[in-house]
Amino acid sequence: LQAEVDGADSPTLEQTSELAKLKAELDGVPKEDFKAIIGCEVYVARRGSTLLKEDKRDQSGYHLILLAKNKTGYKNIVKLDSLSYIDGFYGKPRISYDMIKKHHEGVICLSACLAGRIPRLLLEGDYEGAKAFATEMKDIYGEDFYIEIQDHGYPEQKQVLPELIKLAKELGIGLVATNDVHYTYEDDVESHDILLCLQTGKKLSDEDRMRYEGGQYYVKSEEEMRKLFPYALQALENTQRIADRCDYFYNTTWVAQKTVYGWNEAYIFYEGETYHLPYAQPVNAGQYIGYGVTLEEFQRKAADKNSV
C-alpha cells in the first residue's frame with residue numbers, strides 16, 4: 001500500500017497465506033488507482049511427497065511463489081493452500097509437485113528466495129540438479145515460470161546470483177528481481193526487530209534468536225532496485241510484465257450476519273452472485289461441527305469443490 005503512496009505503478013505483494021488480511025487492506029484503496037497481485041508463498045515437501053512425515057526434513061519445505069494471473073489461477077492457489085493444510089501439514093503446511101502439476105493453470109510461478117529449491121541446490125554445488133529442476137518447472141508453467149534473484153547483502157545470495165542468471169539464460173527462462181518486504185520503511189528495522197522478539201518470546205540481548213540482518217527488508221523504490229541490479233535490468237522490467245499479466249482482482253466481500261446457538265452465519269458476495277456460508281466456532285480436530293461431519297471432512301469437501 002505504501003508503494004502506491006510513493007508512486008510505484010504495480011508493486012508485487014508476496015503474502016504468505018494471508019489473502020484475507022490483504023483483502024481488508026485493499027478495501028480502503030481506490031481500485032482504479034491500485035492493482036492487486038494476489039499470491040501465496042508455499043512450502044513444497046523436500047522429499048517430493050506430503051505423505052512423508054518422519055523427521056525434521058519433512059517439517060518444512062522448499063519455498064515457492066505463486067501469483068494469480070486470472071480467476072482460474074486464484075482458484076488453483078486457494079486449492080493448493082487448502083490442500084497444504086488438509087493433506088500436507090507436518091510442522092508447516094506443505095504441497096507436493098504432483099499437486100502443482102494438477103493445479104498450475106492460470107498461475108505465475110517464481111523460484112523464490114534462498115530457501116527455494118533451485119538456490120539450495122546451487123549452494124550445495126549441484127548446478128546440474130538445479131538445471132534439471134528448473135527444466136521441470138518450465139515444462140509445467142511454460143513462460144509463466146521465472147527464476148527469482150534477490151540481493152539483501154547476504155554472501156549466499158552473492159554466491160548464487162551469477163549461477164541463477166546463467167541458468168536462466170541457458171534454459172530461456174525469464175529472470176525477475178524481487179526484494180523481501182517485512183517492514184515498510186528503511187528506518188522501521190529496529191521496530192521490526194522488537195516485534196520479532198515479542199512474537200518469539202525473546203530479548204533483544206539474546207544471541208540465539210530470529211532476526212533479519214542487514215536492514216534491507218523494506219519497500220524499495222524502482223531507483224533503488226535499479227542501483228542494486230544494474231546488470232539485470234530485464235529482471236526489473238519483468239516485474240512490470242508480471243504485473244500486467246495478473247488481471248484478477250480479489251473482489252469478495254464478507255458480511256457477518258448473525259450468531260445463533262454458537263453458530264456464525266455469513267454471506268459472500270462474489271462476482272455478482274450471493275452465496276450463504278455457515279461456519280462454526282473453532283473446534284478440535286475430529287470433533288463434529290454439524291451436518292454429521294468432522295472439521296476435516298468439512299474442509300476436504302470445501303477444497304474438493306474449489307470453494308471460494
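These numbers come from the heavy atoms of this one structure, side chains and all, not from hydrogens, waters or symmetry mates.
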J.: Evaluate the side chain to side chain donor-acceptor pair (under 3.5 Å) criterion for residues Gln150 and Asp180: first the C-alpha distance (whole Å), next the side-chain angles of each, then the deciding distance (0.1 Å), finally the verdict.
T.: CA-CA 8 Å; Gln150 295 184 337; Asp180 272 354; 3.2 Å; yes
J.: Distance from Leu64 atom CG to Ile100 atom CD1, nearest 0.5 Å?
T.: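 CD1 of Ile100 is found 5.0 Å from CG of Leu64.
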J.: More than 12 heavy atoms of other residues, nucleotides or ligands under 6.0 Å from NZ of Lys53: is that the case?
T.: yes
J.: Output a table of donor-acceptor pairs, distance under 3.5 Å, between side-chain atoms of residues 111-121 and any protein atom two or more places apart or on a different chain; print 'none' if there are none.
T.:
residue : atom : partner : partner atom : Å
Ser111  : OG   : Glu148  : N            : 2.8

J.: Tell me which donor-acceptor pairs under 3.5 Å the side chains of residues 187-196 have, and how far apart each pair is, sequence neighbours excluded?
T.:
residue : atom : partner : partner atom : Å
Asp188  : OD2  : Tyr185  : N            : 2.9
Asp193  : OD1  : Arg209  : NH1          : 3.0
Asp193  : OD2  : Arg209  : NH2          : 2.8

J.: Check side chain to side chain contact (heavy atoms under 4.5 Å, CB included) between Leu175 and all other residues, then give those that pass, not counting sequence neighbours.
T.: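 Listed in chain order: Ile147, Ile149, Ile165, Ala168, Ala235.
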J.: Which of parallel (below 30°), tilted (30 to 60°) and perpendicular (above 60°) describes Tyr217 and Tyr212?
T.: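 Answer is perpendicular, since the angle exceeds 60°.
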J.: Could you state the interatomic distance from CG (Asp81) to CD1 (Ile95), rounded to the nearest 0.5 Å?
T.: 9.0 Å
J.: Within this structure, what is the NE2-NZ distance for the pair His103 and Lys79, rounded to the nearest 0.5 Å?
T.: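 Answer rounded to 0.5 Å: 5.0 Å.
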J.: In chain order, what residues pass the side chain to side chain contact (heavy atoms under 4.5 Å, CB included) check against Lys138, with sequence neighbours excluded?
T.: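 Lys138 satisfies side chain to side chain contact (heavy atoms under 4.5 Å, CB included) with Ile173 only.
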J.: Could you pull out all residues at least two apart from Glu222 that satisfy salt bridge (charged side-chain N to carboxylate O under 4.0 Å, His left out)?
T.: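 Listed in chain order: Arg226.
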J.: So which pairs with a foot in residues 91-113 pass salt bridge (charged side-chain N to carboxylate O under 4.0 Å, His left out), sequence neighbours left out?
T.: none
J.: I'd like to check the salt bridge (charged side-chain N to carboxylate O under 4.0 Å, His left out) partners of Lys203; sequence neighbours left out, ordered by chain and number.
T.: none
J.: Side chain to side chain donor-acceptor pair (under 3.5 Å) with Gln216: which residues, sequence neighbours excluded?
T.: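 Lys220.
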J.: Test of understanding: with salt bridge (charged side-chain N to carboxylate O under 4.0 Å, His left out), list the residues that count as partners of Asp208, not counting sequence neighbours.
T.: none
J.: Could you state the interatomic distance from CZ (Phe145) to SG (Cys109), rounded to the nearest 0.5 Å?
T.: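 One finds 5.5 Å between CZ of Phe145 and SG of Cys109.
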J.: Return the set of residues passing salt bridge (charged side-chain N to carboxylate O under 4.0 Å, His left out) with Lys56 (not counting sequence neighbours), or none when no residue passes.
T.: none
J.: Would you compute the distance between atom CG of Asp87 and atom CG of Leu80 and round it to the nearest 0.5 angstrom?
T.: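 These two atoms lie 11.0 Å from each other.
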J.: Using links of under 4.5 Å between side-chain heavy atoms of ILVMFWY residues, direct or through other members, which residues join Leu52 in one cluster?
T.: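 Leu52 clusters with nothing; isolated.
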J.: Extract all donor-acceptor atom pairs below 3.5 Å that involve side chains of residues 123-134 and protein atoms in other chains or at least two apart in sequence.
T.:
residue : atom : partner : partner atom : Å
Asp126  : OD1  : Gly129  : N            : 2.8
Tyr127  : OH   : Glu170  : OE1          : 3.2
Tyr127  : OH   : Glu170  : OE2          : 3.4
Lys131  : NZ   : Glu170  : OE1          : 3.2

J.: Using the ring of each side chain (for Trp, its six-membered ring), is Tyr85 parallel, tilted or perpendicular to Phe89, with breaks at 30° and 60°?
T.: parallel
